[in-house]
Amino acid sequence: RYSFAAINRSFKKTEKFKLELPYQPQKGYKQYLLTHKNPRANNRQEQQVKIKEIKGDDFKNGFEFDLPPASACVILNQAKS
């Protein structure tokens, strides 16, 4: 199993990411995204920022994704056997 973490620290700009992998990946993956439309939102008083789970089946070497401003994500994938 492999995991990748990405963080966009910009408050205004969406960042593009491209993963160059050291292995042959399976096509299936899960992405956990932590984001909110207001980049200054927090969970101190109430739960505003939530984790969104995305499942996909198009993972490959050179996989590209966009990360919204002030957000973070983790992607999980497995190598082909």
Side-chain angles (χ1 to χ4, degrees):
R1 177 185 272 195
Y2 290 84
S3 60
F4 307 91
I7 299 172
N8 183 357
R9 296 178 61 189
S10 171
F11 281 99
K12 297 180 180 179
K13 183 180 173 191
T14 295
E15 291 290 338
K16 292 186 174 290
F17 289 84
K18 181 177 182 178
L19 299 177
E20 297 296 335
L21 309 174
Y23 67 97
Q24 291 295 322
Q26 292 181 5
K27 290 186 178 188
Y29 71 95
K30 288 184 183 176
Q31 181 179 18
Y32 298 93
L33 181 62
L34 184 63
T35 189
H36 191 275
K37 61 184 175 187
N38 176 358
R40 299 196 185 279
N42 61 61
N43 288 352
R44 291 186 191 128
Q45 302 296 323
E46 63 181 282
Q47 189 174 4
Q48 299 179 57
V49 183
K50 298 178 182 165
I51 297 172
K52 179 179 179 182
E53 181 179 333
I54 301 165
K55 293 181 182 180
D57 62 359
D58 60 345
F59 199 79
K60 61 184 177 186
N61 194 11
F63 182 76
E64 296 182 6
F65 63 97
D66 294 338
L67 199 53
S71 62
C73 80
V74 173
I75 296 175
L76 304 176
N77 176 255
Q78 293 193 21
K80 287 183 180 177
S81 36

- Query: Rest of the hydrophobic cluster containing I7 (Ile/Leu/Val/Met/Phe/Trp/Tyr, side-chain heavy atoms under 4.5 Å)?
  - Reply: none
- Side-chain cluster (under 4.5 Å, hydrophobic types only) that F11 belongs to, other residues: none
Quick check: do [X] and [Y] have side-chain heavy atoms less than 4.5 Å from each other?
X: F65; Y: L33; value: no
X: K16; Y: E64; value: no
X: P69; Y: T14; value: yes

- Is it true that F63 and Y29 have ring centroids separated by less than 6.0 Å? yes
- Around atom CD of Q24, are there more than 12 heavy atoms of other residues, nucleotides or ligands at under 6.0 Å? no
- Can you tell me if CG on L34 sees more than 12 non-hydrogen neighbours from other groups inside 6.0 Å? yes
- Query: Is it the case that one hydrophobic cluster holds both V49 and Y32, taking links as side-chain heavy atoms less than 4.5 Å apart, direct or via other members?
  - Reply: yes
- Note: S3 and V74 closest approach over all heavy atoms is CB-CG1, 4.5 Å
- Non-hydrogen atoms of N42 and R44 that approach each other most closely: OD1-N, 2.9 Å
Under 3.5 Å, side chain of [X] to main-chain N/O of [Y], donor-acceptor pair present?
X: N77; Y: Y2; answer: no
X: Q26; Y: A79; answer: yes
X: N43; Y: Q48; answer: yes
X: Q31; Y: I75; answer: no
X: N8; Y: S71; answer: no

What's the separation between atom [atom1] in [X] and atom [atom2] in [Y], rounded to the nearest 0.5 Å?
X: K30; Y: I54; atom1: NZ; atom2: CD1; value: 13.0 Å
X: K13; Y: L67; atom1: NZ; atom2: CG; value: 12.5 Å
X: F59; Y: Q78; atom1: CZ; atom2: CD; value: 11.5 Å
X: K27; Y: K80; atom1: NZ; atom2: NZ; value: 7.0 Å

